[in-house]
Structures are given as C-alpha cells and as structure tokens.
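Scroll down for the structure; my scribbles are underneath it.
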Amino acid sequence: MFDSQLKKFGKNFILIVFTIITILLTYLSLFLNAYTSVDEKTTIVLDNPFKVIGWFIIVLIAFYFVRKFFKTQDTFYFNYIFLIISLSLLIVGTFIIFTKNIFPVADQQDILNAANGLVNGDYSYFLPTGYVGKCTNQAGIVMILYYLVRIFGENSFRVFQVLNIFGLIGSYYCICKISQISFQNDELKNWTLFFLVLFLPLTWYVVFVYGNMFGLFFSLFAILAGYNYFETGKIKYIFYALFGITLAMMFKSNYLIIFVAMLLFVLFDVVLNKRYQSIILVILLIPTYFASSWIPNQMIHSITGIELGKGIPMTAYIEMGLQDSPDSPGWFNSYNWNVYTNNGSDSEKASEQVKEDLKNTLTYWATHPGEFINFLYRKTVSQWCNPDFQGTWLLRHSDFYIHGDGYYAFFNIFQSVICLGTLAYIYFTGRHMKLHRLLLPTIFIGGFLFHLFWEAKGQYTITYFVLLIPYCARGLMDMTNEINDGVLRIQVAKGYKKKLHILWEMDSFKYILLLILSVIIINFLI
C-alpha cells in the first residue's frame, strides 16, 4: 500500500513539475522570440500570440485531415520511410560537407588542433596552460578525433561530420522507438519521425565537430535501453544502457544530467517495484561515470606522459551562468577562462576565487530578488525561445549560411506548435502515464533546471527541446482522435443546440478556447 502511494506521488510530482515548466515555455514562446547574432548576442522581440495560436489551429486541422484521408492509423511503413530518409540525409549531407566550406571554428578548431598535436608530437595543448589542460572535459572528443586524424589526415573533421549524420539518424531512430514504447502506439513513430525531420536546426548540428550529436545519440541509446529494461526486465539492456551513457558522457560531459535521471529511475525500480536485480545497474553506473573521464585521460597520459589536472573548475560555469549583461544573460563571457588564467592556471586557486565570486553573486541576487527574477526570465527566453537553437549559427563562417525572415518565422511557429502540442498531451492523457515511462520528462526537467544556473546556450537546450517532439505528436493525435469522434456525433445530432452542446463538451475546443482566453488576460495585464 505504501509503495503504491509512493509510486503515485512520484508520478504526480514529475507530471506537475513537467506541466509547470511546459506551461512556462509555451507562454514565453507565444509572446516572445529570441535571436542570436554571430557573436552570440541575444535580441528579444515580441511575438503575436494570436497569430501563433492561429497557426497551431491550422496545423491541427491539417493533422486531422491527413490522418482521416490517408488512414495513418492503419498503415505502418516506418522502416521503409526511415530507410529512405536515412539514405537521403546521408547522400545530401555528405555532398554538402565535401562541397561547402564548413570548417571548424573556435572551440572546435582548438579540439582539432589538440588532436593534430597528439599525432605530430606537440603536447602543449595538454599542459595546464593548454586548451585541453584547461578544458579537461574535452579529452574524450579529442581522443576520437586523434584516431580520425591518424587515418584521414586533413579531412578528419569532414569524416567526423559525416559520422555525425549517422549520429543524427541513430538519434531519430531511438526517439521514435522510445515514443512507441512510451505510448504503445505504432502510428506515433511515424509522426515523431516527421516532426524530427522537419526540425532542421537539429540537422545543422551534423557539421558541429564538438561531440553534441554523438553525445545525443548515445544518451538516447542508453535511454532506449533503459526503457526496454523497465518493460522487459532483461539484464542485457543494463549493459546496453551502461555502454551508451558512458560514451555519451565521453563525447560531452553535459549528458551527466541524463546519467543522474537514469540513476534516479533505477533506484525507483529497486525501491518501488522490488526488482532487486536493478541493484546491478546502480552498482555499475557509479564506475561508469568515472570511466567516462578516466579512459580518455589515461589514453592521453599513455601518449604524452602528461597527467591531466582538474583544469577550469566546473563551478566557474555556474558563476558565469549567473552573471548578467543586457544582451547575454548567463551566456559565455570568458569568465571561466579568465579566472583560471589569472590564478596562474592553478585549479585549486581558481576554485577558491570562484567560490568567493559565487558567494558574492548569490548574496547580490538574494538581496535583489526582483532583478534576479528578471535575469532568469531573460536567460530562459534567450536559450529556450530561440526557434533556431543556434542551428544556423554553426554555419556562420561557411558558404552554407542559411538565415532569413522566412526561415525564422517558420521555426518560430514550429517551436510554439511543439510546446502547444506537448501541453495538449498533458491536458488530455499525461496523467495516465506509468512512472517508469516518465524518464524523458524527468530528463527534460533536469535540463531546464540545470541551465537556469549553468552557462546558457541554445546548443545545450536543443538537446532537451527535441525530447518534447513525441509528446507533441501524441497531443495532436489525442486532439484529432477526439475531433474525429466529435464530428461523427455532430453529423448524426439533430438541431443546432445539440450540435453546439457536443462542440462545447469537446476537450479540444475547451483547450483552444482556454489558450485564447488566457492570452487575452495576459495581454490585458501586461
């Protein structure tokens, strides 16, 4: 009895927090847009919420007619469609990578230079004053590029970009399979894939030589293995999950958030479901975390003889994420580099300095709560209401720089549709989800809370935004299912009063009406 109540509490708690964050992001996306310049300066502009809701209604109607006339509920061609899309992405993507000048810049170039240095015997990048010596969390991606440089030479970064296409395809597949398991619905896979392919900002990340794409793929692979384990109890999925999350954190340390969420759900499984074999996963997840950094560090040590230190303290990224400026609230401002360099590249001294700075920053925010709320508001808008999520920013120094009013207008609508569809899912069926199928919402919550305080970037939040796509697709399916039933009832009903009564009873109608009324009220208040 106690376990049942605890499980219910856990499920409701996750759903309530997920709902609050989704409502917040939905209304922010309805009223505001954020645009990121080439030098990562953010401009926040007002949006027209009534126009956005109008487009959502158009998407909903189109969704209804496509499902009605093409019978997508009865036809399941996922594998065929997925194969065509995968081959198209591979062919077109490879052509663009080798014909356009999409060269690594900034940190990407530093990582590539470090890998070249390993091959050529220049180990200065791994000293305390070198790039990897400062950013020790980049050791994993450097080692991967090291082997590519040895094999492919100057084309190694292009090969990495092509491999990123496979990471994108793998990410598509994992999200689609997770959506199928979460909702036990085959049609949902096709709609999830449709929205993923439409979301071009994620596609542009294949040119990013920074580990984001493979980190996303391996983390999703780990999540999928976790879902399969919770559904079947087969121990083999434990090892798949361990393999995936280790590589994900090796490519990008930010995927620690997903590691924590997985660990939390495994503990739920042990305590609430009494599945004691899950203790194996708990025991193995801890060394997995250390292995993700230990393995590349040891590989670098074996080649260079240099023992990587701690580098820039991670707390420096929190302090930087809490520093304000008019056009870059919480974004990169070189604080992390400066505090490390100014303390003689000594991690311990830099850490002490960061602690003092962080104490002063937190004290200031605690005594100026109004300013702090305004800061968090602008920071949230800057990284969550950017419809492109820095996708075209990655192409800024290439011959393939895509930007323009039409592009941003389309993805502004797309972003709001994803948020509104996710909110519709919560409104209709979210409360019926089983606890172990709420891993994605939990990860989304973790990502949102983490980046309230960590360094802000659209390239970080896109990882979590994409997790909403299956829930949006499900929300649209829920609404169109009810609309279809309502239309049939209206057709057989006699008299306008009865027809209007049926329309009034429909949750889809109430949901849209509630959106419009709430927007009117908010407009009046502000």
Side-chain angles (χ1 to χ4, degrees), residues 78-105 107-109 111-112 115 140-149 151-178 189-190 192-224 243-244 247-248 250-252 255 388-402 407 411 458-459 462-463 465-467 469:
F78 176 79
N79 291 335
Y80 179 70
I81 296 170
F82 183 79
L83 180 61
I84 292 175
I85 289 172
S86 298
L87 290 175
S88 300
L89 282 171
L90 190 58
I91 294 169
V92 175
T94 302
F95 174 78
I96 291 172
I97 287 167
F98 279 93
T99 58
K100 305 296 181 180
N101 295 316
I102 310 176
F103 294 101
V105 295
D107 288 83
Q108 301 173 74
Q109 187 61 58
I111 290 169
L112 188 61
I141 186 68
V142 167
M143 286 310 304
I144 291 161
L145 279 169
Y146 161 74
Y147 289 106
L148 290 180
V149 169
I151 299 171
F152 298 102
E154 65 179 16
N155 273 321
S156 57
F157 74 89
R158 291 191 176 94
V159 174
F160 189 91
Q161 291 170 333
V162 172
L163 291 175
N164 272 342
I165 300 175
F166 288 97
L168 177 68
I169 293 169
S171 298
Y172 284 174
Y173 183 81
C174 289
I175 294 178
C176 291
K177 290 296 290 183
I178 290 168
K189 285 191 303 183
N190 290 336
T192 300
L193 181 61
F194 172 76
F195 284 114
L196 284 169
V197 172
L198 207 58
F199 189 38
L200 286 179
L202 181 65
T203 307
W204 304 143
Y205 275 81
V206 300
V207 305
F208 203 31
V209 187
Y210 207 52
N212 295 52
M213 188 56 69
F214 268 105
L216 177 63
F217 164 61
F218 283 115
S219 64
L220 289 169
F221 177 83
I223 294 167
L224 177 58
F243 172 76
L247 286 177
M250 197 176 292
F251 273 96
K252 207 72 183 163
Y255 290 101
D388 181 56
F389 289 93
Q390 291 190 277
T392 56
W393 177 82
L394 305 175
L395 307 167
R396 64 197 184 280
H397 297 304
S398 74
D399 298 336
F400 199 66
Y401 183 36
I402 297 176
Y407 174 88
F411 285 106
Q459 63 181 259
I462 192 174
T463 297
F465 176 79
V466 78
L467 301 183
I469 287 178

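All residue numbers in this chain count up from 1 along the given sequence. The model shown is predicted, which means the values in this text are computed figures rather than measured ones. Hydrogens, waters and symmetry mates are skipped; everything else that's a heavy atom, side chains included, is used.
Paired with L163 under the rule side-chain contact (heavy atoms from CB on, under 4.5 Å), one option of L148, L168, V206 passes, and it is L148.
Contact between Q459 and Q390 at its shortest, heavy atoms only, is N-OE1, 3.1 Å. P201 approaches D388 most closely through the heavy-atom pair CB-O, 3.2 Å. In terms of heavy-atom proximity, S219 sits nearest to A248 at N-CB, 3.6 Å. Contact detail for P104 and F157: the closest heavy-atom pair is CD-CD1, 3.5 Å. Taking each heavy atom of G244 and A222 in turn, the nearest pair found is C-CB, 3.9 Å. Of all non-hydrogen atoms in L216 and Y255, the two that sit nearest each other are N-OH, 3.1 Å.
If you take CD1 on I141 and CD on Q108, they are separated by 10.0 Å, rounding to the nearest 0.5 Å. Atom CG of residue L394 and atom CZ of residue R396 lie 7.0 Å apart, to the nearest 0.5 angstrom. The line from CZ of F208 to CZ of F160 is 10.0 Å long, rounded to the nearest 0.5 Å. Once rounded to the nearest 0.5 Å, the distance linking CZ of F166 with CD1 of I169 reads 6.0 Å. Separation of atoms CG (L467) and CD1 (I462) is listed at 11.0 Å; rounding is to 0.5 Å. For the atom pair OG1 (T203) and CG (N164), the distance works out to 11.5 Å, reported to the nearest 0.5 Å.
Between F78 and Y173 the shortest side-chain heavy-atom distance falls below 4.5 Å. The shortest distance between side-chain heavy atoms of L395 and V207 falls below 4.5 Å. Side-chain contact check for C176 versus L196: some heavy-atom pair is nearer than 4.5 Å. At least one side-chain heavy atom of L145 sits less than 4.5 Å from a side-chain heavy atom of V209. For the pair Y205 and Q161, the minimum side-chain heavy-atom distance is 4.5 Å or more. Residues F152 and R158 are not in side-chain contact: their nearest non-hydrogen atoms beyond the backbone lie 4.5 Å or more apart. A heavy-atom distance below 4.5 Å is not found between the side chains of F194 and I81. With contacts defined as side-chain heavy-atom distances shorter than 4.5 Å, the pair L202/M213 qualifies.
Aromatic ring centres of Y407 and F411: separated by under 6.0 Å. Y172 has its ring centre no less than 6.0 Å from the ring centre of F82.
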With a 3.5 Å cut-off and sequence neighbours excluded, list the donor-acceptor pairs that the side chains of residues 89-101 form with protein atoms.
unit_1 : atom_1 : unit_2 : atom_2 : d
T94    : OG1    : L90    : O      : 2.6
T99    : OG1    : F95    : O      : 2.6
N101   : ND2    : D399   : OD2    : 2.7

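The aromatic rings of F214 and F251 sit parallel to each other, their planes meeting at less than 30°, with 60° as the upper class boundary.
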Report task. Apply side chain to side chain contact (heavy atoms under 4.5 Å, CB included) to the pair F218 and M250, showing each step before the final yes or no. Result -> CA-CA 10 Å; F218 283 115; M250 197 176 292; over 6 Å; no

Report task. Go through I223 and I175 one step at a time and tell me if the side chain to side chain contact (heavy atoms under 4.5 Å, CB included) criterion holds. Result -> CA-CA 9 Å; I223 294 167; I175 294 178; over 6 Å; no

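Residue pairs meeting the side chain to side chain donor-acceptor pair (under 3.5 Å) criterion with at least one member in residues 80-93, sequence neighbours excluded, do not occur.
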